[in-house]
Chemist: 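Encoded as C-alpha cells, here's the structure I'll be asking about.
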Amino acid sequence: MSDVADRVDRLAAGFLARIEATPADRWDRASPCAGWTARDVVAHVVNGHRGIVAAVRGVPPRPSHGVRVSGMGEAPPVEPHADLAAAYAEARAGLRAVLTDPELAATPLPFSPIGPVPVERAADVVGALELLVHTWDLARAVGGDERLDLEAVVRTHEALRPHYAALQATDAFREEIEPPAGADPQTAFLCFTGRRP
C-alpha cells in the first residue's frame, strides 16, 4: 500500500478495534458529539467513508449491515439488527481500495474542507482527523481505550492548523479550547477540535 493508504488503514484498524470492544449494552450512551450516541458516531464514520468512495467511483452510496445513508456530515439511522463492526469493516475496505488505486487516489475531492484536493490528500488529513477524533469519541462514550496513535495525532494536528477557519465553517467542530499548561500532544489535539479530554 502507499504511505497514505497504510496510515489511514492503521487508524481505521484502531477504530474498528474500539467498535469490536464495545459492550452491547453501551451503544446508547451519549458521546462527546452533541446529540449523538456511541452508535451514531460509528454510523457517521461508516457513512463518511461510503460517501467518499461513492463520490470517487461516481455511484450512489448504499446502506449496508443495517446502517442507512445520510448526508456526509450527519449520522444516518441505524436498524435495530445492525452489525456496526461489519458495516465499518466494509466501509474501511472500500476506502482502502480507493487509496491503493493510484488513479482513484488522485481523483479530486471537491467537498473537502481543506480545498479541492486529491482524495488521497483529503484522507490523509481530514480522514485522519475524523478517525482520530471519533475513535476518542467512541472510547469516551463507552469507557473504552482513549489512547490515540501519537505520531498520527502530531502529524494531523500540524496539517490542520492552517485550515482551522475552514474546519470551523463546516460546523463539525466546536471552537478550540485552550489546552492546559504542559498538555501532551493528544490533549492539545483534542482541545483544538473543541473537546475536553
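Residues take their numbers from the sequence shown, with the count starting at 1. Hydrogens, waters and symmetry mates are skipped; everything else that's a heavy atom, side chains included, is used.
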Chemist: Could you give the distance from SG (Cys191) to CD (Glu176), rounded to the nearest 0.5 Å?
Modeler: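 Rounded to the nearest 0.5 Å, the SG-CD separation comes out at 8.0 Å.
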Chemist: Could you tell me the separation between the CG atom of Leu99 and the CG atom of Asp3, rounded to the nearest 0.5 Å?
Modeler: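 The CG atom of Leu99 sits 12.0 Å away from the CG atom of Asp3.
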Chemist: What heavy-atom pair brings Ala152 and Leu11 nearest, and what distance separates the two atoms?
Modeler: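 Scanning both residues, the minimum pair turns out to be CB-CD2, 3.8 Å.
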Chemist: Between Ala97 and Thr100, which heavy-atom pair has the shortest distance, and what is it?
Modeler: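 Scanning both residues, the minimum pair turns out to be O-OG1, 3.3 Å.
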Chemist: How close do Pro32 and Asp137 get, counting heavy atoms only, and between which atoms?
Modeler: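 Nearest heavy atoms, Pro32 then Asp137: CD-O, 3.4 Å.
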Chemist: Between Leu150 and Val133, is there a shared hydrophobic cluster once you connect ILVMFWY residues whose side-chain heavy atoms come closer than 4.5 Å?
Modeler: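 In one cluster with Leu150: Val133, no.
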Chemist: Specify the closest pair of heavy atoms between Thr107 and Glu103, including all atoms of both residues, with the distance to one decimal.
Modeler: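 Result for this residue pair: OG1-O, 3.4 Å.
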Chemist: Quick check for you: to the nearest 0.5 Å, what is the distance between Thr135 atom OG1 and Glu146 atom CD?
Modeler: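 It is 11.5 Å, given to the nearest 0.5 Å.
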Chemist: Is it the case that more than 12 heavy atoms not belonging to Arg174 sit under 6.0 Å from its CZ atom?
Modeler: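 For Arg174, atom CZ is crowded (more than 12 foreign heavy atoms under 6.0 Å).
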Chemist: Applying side-chain contact (heavy atoms from CB on, under 4.5 Å), run through Glu158 and Phe189 and close with a yes or a no.
Modeler: CA-CA 9 Å; Glu158 287 303 312; Phe189 171 68; over 6 Å; no
Chemist: side-chain contact (heavy atoms from CB on, under 4.5 Å), that's the test. Do Arg195 and Ile177 meet it? Break it down for me.
Modeler: CA-CA 7 Å; Arg195 283 157 173 78; Ile177 296 168; 5.8 Å; no
Chemist: Output yes when a side-chain donor or acceptor of Glu20 lies under 3.5 Å from a complementary backbone atom of Ala85, and no otherwise.
Modeler: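 Absent.
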Chemist: What's the verdict on salt bridge (charged side-chain N to carboxylate O under 4.0 Å, His left out) for Asp149 and Arg7, showing C-alpha distance, side-chain angles and the deciding distance?
Modeler: CA-CA 10 Å; Asp149 180 311; Arg7 286 198 291 266; over 6 Å; no
Chemist: Can you find a pair of side-chain heavy atoms, one from Leu129 and one from Thr193, that are under 4.5 Å apart?
Modeler: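 Heavy-atom side-chain distance check passes, below 4.5 Å.
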Chemist: Assigning hydrophobic clusters by single linkage (Ile, Leu, Val, Met, Phe, Trp, Tyr; side-chain heavy-atom cutoff under 4.5 Å), is Val154 placed with Val126?
Modeler: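 Unlinked, Val154 and Val126 end up in two clusters.
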Chemist: Suppose the criterion is ring-ring contact (aromatic ring centres under 6.0 Å, His included): which pairs have a residue in residues 8-49, not counting sequence neighbours?
Modeler: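 Residue pairs with at least one partner in residues 8-49: Phe15-Tyr88, Trp36-His44, His44-His134, His49-Tyr88.
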Chemist: Identify whether Phe111 and Val69 are in the same connected component of the hydrophobic contact network (ILVMFWY, side-chain heavy atoms under 4.5 Å).
Modeler: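 Cluster IDs for Phe111 and Val69 differ.
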Chemist: With rounding to the nearest 0.5 Å, note down the distance linking CG in Leu138 to CG in Asp145.
Modeler: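 If I round to the nearest 0.5 Å, the distance is 11.0 Å.
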Chemist: Quick check on the hydrophobic clustering: are Met72 and Leu95 connected, directly or via other members, by side-chain heavy-atom contacts under 4.5 Å?
Modeler: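 Met72 clusters together with Leu95.
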Chemist: With a 4.5 Å limit on heavy-atom distance, are the side chains of Val8 and Leu131 in contact?
Modeler: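 Answer yes - side chains close enough.
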Chemist: Between Arg26 (side chain) and Val142 (backbone), is there a donor-acceptor pair under 3.5 Å?
Modeler: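 Side chain of Arg26 to backbone of Val142: a pair is present.
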Chemist: Work out which heavy atom in Pro197 is nearest to a heavy atom in Thr187; give both atom names and the distance.
Modeler: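 Reported closest heavy-atom pair: CG-CG2, 3.9 Å.
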Chemist: Distance from Leu167 atom CG to Arg161 atom CZ, nearest 0.5 Å?
Modeler: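 If I round to the nearest 0.5 Å, the distance is 12.5 Å.
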Chemist: Got Asp40 and Ser31 here, is their nearest side-chain heavy-atom distance under 4.5 Å?
Modeler: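 No, their side chains stay 4.5 Å or more apart.
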Chemist: Let me have the donor-acceptor pairs involving side chains of residues 56-64, under 3.5 Å, with sequence neighbours excluded, atom names and distances please.
Modeler:
{"residue": "Ser64", "atom": "OG", "partner": "Arg50", "partner atom": "NH1", "Å": "3.3"}
{"residue": "Ser64", "atom": "OG", "partner": "Glu90", "partner atom": "OE2", "Å": "3.1"}

Chemist: Check whether any side-chain heavy atom of Leu84 lies under 4.5 Å from a side-chain heavy atom of His65, and answer yes or no.
Modeler: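 Answer no - side chains too far apart.
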Chemist: Within a strict 4.5 Å, meaning less than it, do heavy atoms of the Val98 and Ile52 side chains meet?
Modeler: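 Heavy-atom side-chain distance check fails, nothing below 4.5 Å.
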Chemist: Hey, is the main chain of Arg18 close enough, under 3.5 Å, to the side chain of Thr22 for a donor-acceptor pair?
Modeler: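 Yes, because the side chain of Thr22 sits within donor-acceptor range (under 3.5 Å) of the backbone of Arg18.
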Chemist: What's the shortest heavy-atom distance between Val117 and Ser112, and which atoms?
Modeler: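 Heavy atoms of Val117 and Ser112 come nearest at CG2-OG, 4.1 Å.
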Chemist: Spell out, as yes or no, whether a donor-acceptor pair under 3.5 Å connects the side chain of Asn47 to the backbone of Ser70.
Modeler: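 It does hold such a pair.
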Chemist: With rounding to the nearest 0.5 Å, note down the distance linking CG in Asp101 to CD in Glu120.
Modeler: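 Here the interatomic distance stands at 11.0 Å.
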